[in-house]
Amino acid sequence: MTPPSSAADWSALAETLAPRTELFIDGSFRPAASGETFDSIAPATGDVLARVSAGDAADVDRAVRAARSAFESGVWSRAATSERKRVLLRLAELMLEHRHELALLDSLDMGKLVAEADTVDVPSAAALFTYYAEALDKIPGEIAPTDPGALALVTREPLGVVGAVVPWNFPLDLAVWKLAPALAAGNSVVLKPAEQSPLSALRLAELAAEAGLPDGVLNVVPGLGATAGAALGLHMDVDVLAFTGSTETGKRFLRYAADSNLKQVWLECGGKSPNLVFADADLDAAAEKAVFGAFYNQGAVCSANSRLLVQEDAAEYLTEALLRHAAEIRPGDPLDPASTLGALVSEEHTRTVMGFIDRARAEGEVLLGGNRTTVAGRGCFVEPTIFTGLQADSELVTQEVFGPVLSIQTFRDEAEAVRMANHSVYGLAASVWTNSLDRAHRVSSALRAGTVSVNTVDALSAQTPFGGFKQSGFGRDLSLHALDKYTGLKTTWFTIRPAVG
């Protein structure tokens with residue numbers, strides 16, 4: 001098959017799709033117990049892509065029972081690491097074989113650029129399965145120091161049934177951030193994808209079964225947050241709940257855990273990441289990357305660098321360079337590889353983003369954009385928008401917008417830059433631009449953020465942990481540290497009896 005390379009190619013491929021729309025429980029697709037469905041709507045056009053089964057508490061219970069049965073059977077939880085490795089590596093291969101299909105499902109479902117989904121999201125998700133599969137037989141247990149006559153073994157064991165609730169901004173990628181380490185560790189999983197973007201998760205479940213994952217080990221229950229999400233958070237037989245999404249919803253899952261079985265809850269929540277640019281930095285590079293950090297994926301990135309803090313001496317030059325780069329980004333058809341900005345996920349979210357913009361007009365100055373627009377006369381599109389002149393406690397400066405909106409503020413010196421950057425309830429990520437190694441170390445050490453990128457923005461990899469401080473949550477995705485969320489440490493003591501005679 002010739003890889004799609006134009007909007008016409010991607011549109012033709014879209015016509016061939018027949019996405020799965022039912023719940024995936026215990027190895028098979030089935031309708032919701034209630035028979036209810038919800039519409040999956042393409043935000044770029046407003047067209048209904050599919051009517052997806054709407055799982056609720058009864059369906060979550062079925063999925064959890066299937067997951068528990070599979071876990072207790074040992075078919076996966078006690079399988080040899082070589083077998084788990086084989087299955088996960090095969091799943092990674094299948095994802096790459098179906099790369100264009102998976103990318104297209106995410107693009108149609110939530111409006112992201114298909115070229116980015118095809119070249120970034122799907123390959124990185126497949127690589128994450130490969131990473132954890134290859135790590136399985138390289139993580140040793142421990143032998144603790146003991147007195148003579150005793151032996152203490154420390155081993156990692158899977159925790160049981162993991163509930164995973166993931167957002168719509170990177171539907172496939174963020175699902176895999178939870179699934180890959182949880183499955184590699186030997187757990188069974190019930191995944192609830194965002195109701196705005198369930199299609200790639202259902203296809204992934206089908207590919208996992210084809211790869212050899214036993215029935216019941218991965219279950220996917222699309223549905224609304226207030227029904228399926230709440231049911232998963234409150235379920236008495238879920239051992240771990242892993243969540244990525246808003247801080248408000250993360251707090252709700254903590255309450256669910258307290259009101260149910262005190263399940264472990266791991267949260268990766270909101271962010272309002274600062275991007276600090278000092279006058280001694282490479283300002284042209286900083287301007288180019290600032291645009292990427294603010295507007296990539298329509299600004300729908302939890303770690304988006306949506307607060308640009310610039311030293312006063314460099315503000316004029318950097319702002320002019322920033323506006324030149326940002327002016328090149330225009331909303332376009334997500335299926336057109338030439339487009340530079342996709343659609344927002346829904347009509348509701350578009351109104352929310354425009355509400356932030358409209359309220360900020362009364363407080364600051366719009367340097368660029370600020371308008372809702374359409375492509376071919378329809379769709380949920382917002383222009384890249386840049387504000388200046390906003391106060392430190394302005395709504396747009398302090399709250400997560402999750403759209404293509406950037407604010408610019410200035411600072412006098414290093415101390416003020418750090419104070420402004422840390423003036424946030426969030427602590428997910430930050431960036432620092434300077435040609436001084438000493439300053440880079442001082443400032444990055446002083447910033448309260450889970451990841452600090454120096455002379456770049458939003459750096460991450462499978463090998464490094466990702467997560468935040470404060471109300472950005474706790475626990476880490478990616479890297480070997482992610483396995484800490486899905487395993488428990490068991491100590492086994494042996495008393496060694498002396499020889500007789």
Side-chain angles (χ1 to χ4, degrees), residues 1 3 17-20 23-29 63 66-67 69-71 73-106 117-139 156 158 161-162 164 166 170-191 193 198-220 242 461-463 477-480 482-483 486-487:
M1 173 183 173
L17 289 182
R20 289 289 194 171
L23 318 180
F24 187 82
I25 297 176
D26 205 14
S28 63
F29 287 98
S69 177
F71 182 79
S73 76
V75 65
W76 184 253
S77 58
R78 294 192 294 276
T81 55
S82 59
E83 172 62 10
R84 298 207 300 270
K85 176 178 179 177
R86 182 192 67 79
V87 171
L88 295 181
L89 289 177
R90 179 56 184 149
L91 176 54
E93 291 174 353
L94 287 171
M95 291 173 69
L96 293 178
E97 290 175 15
H98 295 270
R99 189 181 89 195
H100 306 319
E101 176 190 1
L102 291 168
L104 194 52
L105 287 172
D106 274 0
D118 189 53
T119 59
V120 180
D121 294 17
V122 180
S124 65
L128 206 57
F129 274 118
T130 299
Y131 175 79
Y132 287 107
E134 293 289 359
L136 279 178
D137 55 7
K138 302 171 183 68
I139 302 174
R156 285 190 177 273
V161 177
V162 174
V166 296
F170 293 94
L172 180 69
D173 224 9
L174 293 183
V176 173
W177 281 26
K178 312 300 185 190
L179 294 178
L183 293 173
N187 298 284
S188 297
V189 182
V190 178
L191 171 66
L199 300 181
S200 63
L202 292 167
R203 182 63 173 122
L204 179 64
E206 191 173 32
L207 294 176
E210 183 179 341
L213 195 69
D215 294 350
V217 174
L218 173 58
N219 308 273
V220 180
S461 76
Q463 293 77 29
D477 289 315
L478 305 177
S479 82
L480 296 180
L483 294 168
Y486 306 113
T487 57

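Only a predicted model underlies this, so the values are computations on that prediction, with no experimental measurement involved. Heavy atoms only: backbone and side chains are in, while hydrogens, waters and symmetry mates are out.
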Working to the nearest 0.5 angstrom, can you tell me the gap between L204 CG and L191 CG?
8.0 Å

Are the side chain of R86 and the backbone of A133 linked by a donor-acceptor contact shorter than 3.5 Å?
no

For V166 and W177: C-alpha separation, side-chain torsions, deciding distance, then whether side-chain contact (heavy atoms from CB on, under 4.5 Å) applies.
CA-CA 9 Å; V166 296; W177 281 26; over 6 Å; no

side-chain contact (heavy atoms from CB on, under 4.5 Å) partner of E101, chosen from L17, V122, L207
L17

Tell me, do P3 and H100 make a side-chain contact under 4.5 Å, heavy atoms counted?
yes

Gap between atom CD of E83 and atom CG of L88 - 0.5 Å precision
9.5 Å

Quick check: do F170 and D106 have side-chain heavy atoms less than 4.5 Å from each other?
no

Nearest non-hydrogen partners of A70 and S188, listed with the distance
CB-OG, 4.0 Å

Looking at every heavy atom in both A184 and L136, which two are closest together, and how far apart are they?
O-CD2, 2.9 Å

For N187 and A182, indicate whether the former's side chain and the latter's backbone hold a donor-acceptor pair under 3.5 Å.
yes

So, taking the atom named CG in L183 and the one named OH in Y132, what distance separates them when rounded to the nearest 0.5 Å?
12.0 Å

Distance, nearest 0.5 Å, that separates CG of L102 from CG of D173:
11.5 Å

If you round to the nearest 0.5 Å, how far is CG of L94 from CD of E206?
10.5 Å

With side chains defined as the heavy atoms from C-beta onward, is the minimum distance between L91 and L213 less than 4.5 Å?
no

If I compare all heavy atoms of P181 with all of V176, which pair ends up nearest, and what's the gap?
CD-O, 3.9 Å

In Å, rounded to the nearest 0.5 Å, how long is the span from CD of E134 to CZ of F129?
14.0 Å

Return the minimal non-hydrogen interatomic distance between A79 and R84, and the atom names on each side.
O-NH1, 3.0 Å

Please determine whether a side-chain nitrogen of the Lys or Arg among E97 and R90 lies less than 4.0 Å from a carboxylate oxygen of the Asp or Glu.
yes

For A126, does its backbone N or O pair with a side-chain atom of T130 as donor and acceptor, under 3.5 Å?
yes

Starting from the C-alpha separation in whole Å, work towards a yes-or-no answer on side-chain contact (heavy atoms from CB on, under 4.5 Å) for L478 and L128.
CA-CA 8 Å; L478 305 177; L128 206 57; 3.8 Å; yes

L480 and Y131: CA distance, side-chain angles, deciding distance, side-chain contact (heavy atoms from CB on, under 4.5 Å) verdict
CA-CA 9 Å; L480 296 180; Y131 175 79; 3.5 Å; yes

Paired with K85, the side-chain contact (heavy atoms from CB on, under 4.5 Å) test is passed by just one of T81, L89, V87, namely L89

Is there a side-chain contact between V189 and K178, using heavy atoms and a 4.5 Å cut-off?
no

